[in-house]
Q: 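Supplied in structure tokens, the structure appears directly below.
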Amino acid sequence: MAKYAIGVDYGTESGRALLVDVKDGREVATAIFKYTNGVIDERLPVDGAPVKLEPDWALQDPEDYIRVLKRTVPAVLKQSGVDPADVIGIGIDFTACTMLPALADGRPLCTLPEFRRNPEERPHGSSAP
């Protein structure tokens, strides 16, 4: 019975998943999800009055990271017809990232109302100061 691994790569503007046959490294399926909020470099995507960012910011929304997993992993499984039980591993890679401050339960601070308007509590992309 064939076994597979899924690689997920988080880039600047999108996340990608690749399903690989671990026996021979053959690429079986791929999927891409373009981040809903793209690169946040002018204004924070918050409700109410917009928060304008200073020059040279390049932020990302951690909820886009979850969206990547929810969209691309099922997509490569569907595209390939591979049984999820035959996936024996998943690897994750980021082009560049900064540590994401989070609560003990894993919720990023920037998703909490009291920090939502603070760019210092958001994950930075590769161009952040």
Q: I need the F94 CZ to T12 OG1 distance, nearest 0.5 Å.
A: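 Here the rounded value is 11.5 Å.
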Q: Contact between D86 and I88 at the side-chain level, heavy atoms closer than 4.5 Å - yes or no?
A: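 With C-beta onward as the side chain, the pair stays apart.
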Q: Sub-3.5 Å donor-acceptor pair from the side chain of D41 to the main-chain atoms of A58, do we have one?
A: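 No; zero donor-acceptor contacts below 3.5 Å.
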Q: Can you measure from OG1 (T72) to CD1 (I32) and round to the nearest 0.5 angstrom?
A: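 The distance works out to 10.0 Å.
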Q: Counting only heavy atoms not in K70, do more than 12 sit closer than 6.0 Å to its NZ atom?
A: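 No, because the 6.0 Å sphere around NZ of K70 holds 12 heavy atoms or fewer from other groups.
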Q: Run the side chain to side chain contact (heavy atoms under 4.5 Å, CB included) test against S80 and tell me which residues pass, sequence neighbours left out.
A: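 For S80, the residues satisfying side chain to side chain contact (heavy atoms under 4.5 Å, CB included) (neighbours in sequence not counted) are L19, V28, A29, V82.
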Q: Between K23 and D21, does any NZ, NE, NH1 or NH2 come within less than 4.0 Å of an OD or OE carboxylate oxygen?
A: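 Looking at D21 and K23, the cut-off is not met.
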Q: To the nearest 0.5 Å, what is the distance between OH on Y4 and CG on L77?
A: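 Going from the OH atom of Y4 to the CG atom of L77 covers 10.5 Å.
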Q: Check the pair L44 / L53 against side chain to side chain contact (heavy atoms under 4.5 Å, CB included), numbers first and verdict last.
A: CA-CA 7 Å; L44 291 179; L53 296 171; 4.0 Å; yes
Q: Are N37 and E63 side-chain neighbours, meaning at least one heavy-atom pair lies under 4.5 Å?
A: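 Answer no - side chains too far apart.
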Q: Would you give the length of the straight line joining atom OG of S14 to atom OH of Y35, rounded to the nearest 0.5 angstrom?
A: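 Here the rounded value is 6.5 Å.
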Q: Inspect the surroundings of CD in E114 and state if more than 12 heavy atoms from other residues, nucleotides or ligands are less than 6.0 Å away.
A: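 Atom CD in E114 is packed in, count exceeds 12.
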Q: When rounded to the nearest 0.5 angstrom, what is the spacing between OG1 in T36 and CZ in R71?
A: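 Reported value, rounded in 0.5 Å steps: 6.0 Å.
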Q: List for me each residue that meets side-chain hydrogen bond (donor to acceptor under 3.5 Å, both in side chains) alongside D83, sequence neighbours excluded, and say none if there are none.
A: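 Testing D83 for side-chain hydrogen bond (donor to acceptor under 3.5 Å, both in side chains), a comparison that skips the adjacent residues, returns none.
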Q: Look up atom CG in L18 and atom CG in D93, then write down how far apart they are to the nearest 0.5 Å.
A: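 The CG atom of D93 is 11.5 Å from CG of L18, to the nearest 0.5 Å.
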Q: Under the criterion side chain to side chain donor-acceptor pair (under 3.5 Å), I'd like the reasoning laid out for Y10 against Q60: C-alpha separation, chi angles, the key distance, then a yes or no.
A: CA-CA 11 Å; Y10 291 95; Q60 294 168 332; over 6 Å; no
Q: Do the non-hydrogen side-chain atoms of L59 and V39 ever get within less than 4.5 Å of each other?
A: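 Heavy-atom side-chain distance check fails, nothing below 4.5 Å.
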